[in-house]
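Data block below; observations after.
Labels below follow one simple rule: chain letters A, B, ... track the order of the sequence lines, proteins then strands, and each chain is numbered from 1.
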4 protein chains.
Amino acid sequence: MSTTPQNPQPPRTGGRIRNEDAHHSVLEATAALLVENGYGALTIEGVAKRANVAKSTVYRWWKSKPALVMDAYAHETATRVPEPDTGTLEGDLTAFAADLYAIGRDPVRAKALTGLMAEAQLDSAFAEAFRAWVRTRRELVGRLLTRALARREIPAGTDLTHATDLVFGPFWYRLLVEHAPLDPADAEAHVRTVLQGLERRE
Amino acid sequence: MSTTPQNPQPPRTGGRIRNEDAHHSVLEATAALLVENGYGALTIEGVAKRANVAKSTVYRWWKSKPALVMDAYAHETATRVPEPDTGTLEGDLTAFAADLYAIGRDPVRAKALTGLMAEAQLDSAFAEAFRAWVRTRRELVGRLLTRALARREIPAGTDLTHATDLVFGPFWYRLLVEHAPLDPADAEAHVRTVLQGLERRE
Amino acid sequence: MSTTPQNPQPPRTGGRIRNEDAHHSVLEATAALLVENGYGALTIEGVAKRANVAKSTVYRWWKSKPALVMDAYAHETATRVPEPDTGTLEGDLTAFAADLYAIGRDPVRAKALTGLMAEAQLDSAFAEAFRAWVRTRRELVGRLLTRALARREIPAGTDLTHATDLVFGPFWYRLLVEHAPLDPADAEAHVRTVLQGLERRE
Amino acid sequence: MSTTPQNPQPPRTGGRIRNEDAHHSVLEATAALLVENGYGALTIEGVAKRANVAKSTVYRWWKSKPALVMDAYAHETATRVPEPDTGTLEGDLTAFAADLYAIGRDPVRAKALTGLMAEAQLDSAFAEAFRAWVRTRRELVGRLLTRALARREIPAGTDLTHATDLVFGPFWYRLLVEHAPLDPADAEAHVRTVLQGLERRE
DNA sequence: CGCTAACCGAGACGGTACGTCAAGTCTTAAC
DNA sequence: GTTAAGACTTGACGTACCGTCTCGGTTAGCG
């Protein structure tokens, strides 16, 4: 979607090099406008104007508004969080959930995520890409759960799909509806409740 | 938002009577287009054309696209489900969740809900109205939980907000992401897991 | 066009009596709006609202905007000016022109006339009716000139059409373009110039 | 108002070059529709459709309907008539009036002029621009008269405003009312009558 | 060192839908 | 059967962005 981290050797033979400043100013303009006016009011035209860049320059590097926003999101995250491995499921999930809930504190990431979720509802082509991205996130949690299964922390036969939903569902629900704040400090209690629910009842 | 179920005797003194057929055809056109092309591709102009109705007629009765979709959703639901009261929290929540999950089987309602959630991310004015609607749904679950609290089915001090999120969160998450089907048959197991999580651990 | 001055005993057999107040308030609203916002901004809808009358009531009595404005114009003129007959062409024309130029002092009549002239350019159906009305005015001047011809005040063979144009043309031109004020005091000089132009040159 | 006859080297710094074909087809469509249906029925939307051009392209170059019509008028006139200078006022005015009356033979120019006069009555903002345009035409005649004054062809103290009105008034009046044809062959006689009217009567 | 490719800016272009407005017609209820 | 109220169809308004395109002008790196 972005062009930043792709094939390192495109078969180029010459030509003007890419203007890195333009890229940054576009991503920054995107982030700024996202926070100021929301995903709905974000337009490519507006981004270009704000970034002092030609509209065609934006279109050259990002083929659509969600692609642009995804890149702005990635640009914001910068350092990728490593997959937690504390030795216990509770520790892993708590660390993961705390990271997740921290997104609620970052307006750029929060607006980007909710905007992308909205876009996925509006544009079925993008929905596919979005679902794929969600899948990678779910798979991460899936690995934590599989390790816990091996350690017999949760019973065999546990519905891992539902278990994963219990982690992500409440997070997305709060992020989207904003009926209550997303506080990383709540992560521990929430995870504990979920884990207790998954235990084998004798 | 709608005009259908309001004061039965508006103080009218004259004037052409409202054309009920026009209303129905608009709502049906909305539902049809919603399912066929999705919320994003739904336009007032398209609805008017499909319903063989003037655009201004649509605007007279529904001031915006989300208002129209909300009415189409309500029109689809028709008979309101009563608040469940089976005597136990498990029974109540299972009934409630089964009803909820059944939405996933109804393309009109599913598309309407996901579209409205998207709209709430795009339009902060609508977000307010949407949040209010969500609140009424949460309050229903809140009443079930409060009754259970009185019956000592769940421990005093339970975080009711999180408990409610555990019911709605996974539902919305599946509805929006569509990574797994929403099956009413799963309601019982899901509710059991949540309730076990809420129990006091000695 | 109007309904005001017609058969005093219409063969009515029953039904609600016509509301004369409604008529007056419509005409007054028309005159007021004409002066306030000009012919272009005058709408039947606006007149109805200003007159506290239903739109359909306006449409019942006046079939179009120009018809309404013509009636408002007639209503303003009230007492019809008699055809001048002073014994000399100069006297007749000066009296006539002074009356004509006085219209420039009456905003309602001025706006009505210029508006109707505009309407005649926009709506070819109305142009016909307007031309007929203009013809009656020209015929009046034609009678003054014919009498003068009999009295040998102007030479036989005079182009009466052009002579009439020399009276009305500058009047309309000033009324429409407003490049210079229309002053009844100028009537005498203007008429004298025209008459001198019509004299037989040896 | 137009963009056609301006600075030959606009300081362009980039951007797609203007499509001259689109311009011509818009102006031709305007002229055609003007003649076919009249100024009143002329719509920007209709022009765009007829010219096979996007509505926004029309709006890009002409900010309003009168601006478009003025350009169509200018486009029709093409070669500007030079200010006449025959040595006598009678010759100058006859040449000028003959040119003027010739407009009556050209449906495009005639419809454009009457439409613009109508527009000036409807839209006070445009009236200003229209009045300015009229002023330039009047000033031309004013220069002819001033020269004649210097040559003592007309008496000192002549009311030049009224003299100018005697040239333009009858022309506009016939053009607008169409009670009689506008024939360039009449120009000579009309001018003679006016000039005789302006002579000093001893 | 010049060629060439790709970049960047500017902005025109054909489109689509927006939400508004008034036109003129029609239907109903009240008087 | 007039009057009031207002629902309805129709059509154009002027605006905002869309995504594509065509320019003029720049700036690498390869040969």
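Checked against side chain to side chain contact (heavy atoms under 4.5 Å, CB included), E28(A) has the following partners two or more places apart in sequence or in another chain: H24(A). By the side chain to side chain contact (heavy atoms under 4.5 Å, CB included) test, A41(C) is found to be paired with N37(C), residues two or more places apart in sequence or in another chain being considered.
Taking 4.0 angstrom as the limit, R16(D) places none of its side-chain polar atoms (N or O) nearer than this to OP1 or OP2 of dA10(E). For the OP1/OP2 pair of dG9(E) and a distance below 4.0 Å, the side-chain nitrogens and oxygens of T57(A) include at least one atom meeting the criterion.
End-to-end axis angle for the helix from dC1(E)-dG31(F) to dC31(E)-dG1(F), using five pairs per end and rounding to 10°, comes out at 10°.
The W61(C) side chain lies nearest to dT3(F) when the options are dG14(E), dT3(F), dC13(E). Checking dT3(F), dC8(E), dT20(F) against the side-chain heavy atoms of R60(C) singles out dT3(F) as nearest.
Rounding to whole angstrom units, CD1 of residue I17(D) and C1' of dG25(F) are separated by 13 Å. Put simply, OH on Y59(A) is 13 Å from P on dC21(F), counting in whole angstrom units. Distance, L68(A) CG to dC18(F) P: 11 Å, rounded to whole Å. The distance from atom CG of N19(B) to atom P of dT28(E) is 10 Å, rounded to the nearest whole Å. Remark: C1' of dA12(E) and CD of E20(D) are 12 Å apart, rounded to the nearest angstrom. dA12(F) atom P lies 12 Å from atom NZ of K55(B), rounded to whole Å.
Salt bridge absent: K111(A) and E36(A) never bring a charged side-chain N and a carboxylate O closer than 4.0 Å.
Between W62(D) and H23(D), the ring planes lie tilted relative to each other; the angle falls in the 30° to 60° range.
Here side chain to side chain donor-acceptor pair (under 3.5 Å) pairs that include residues 112-125 of chain B, with residues two or more places apart or in two chains, are Y39(B)-E119(B). Annotation: salt bridge (Lys or Arg N to Asp or Glu O under 4.0 Å) contacts involving residues 37-47 of chain A, sequence neighbours excluded, comprise E45(A)-K55(A).
For K65(C) (side chain) and I44(C) (main-chain N/O), no donor-acceptor pair under 3.5 Å exists by modelled atom type.
Scanning both residues, A29(B) and V47(B), for their nearest heavy atoms gives CB-O, 3.9 Å.
In the interface, the side chain of S56(D) is paired with the base of dG15(E) through a donor and an acceptor atom under 3.5 Å apart.
Contacts between residues 34-49 of chain D and DNA chain F, defined by a heavy-atom separation below 4.0 Å, involve T43(D), I44(D), E45(D), listed by number.
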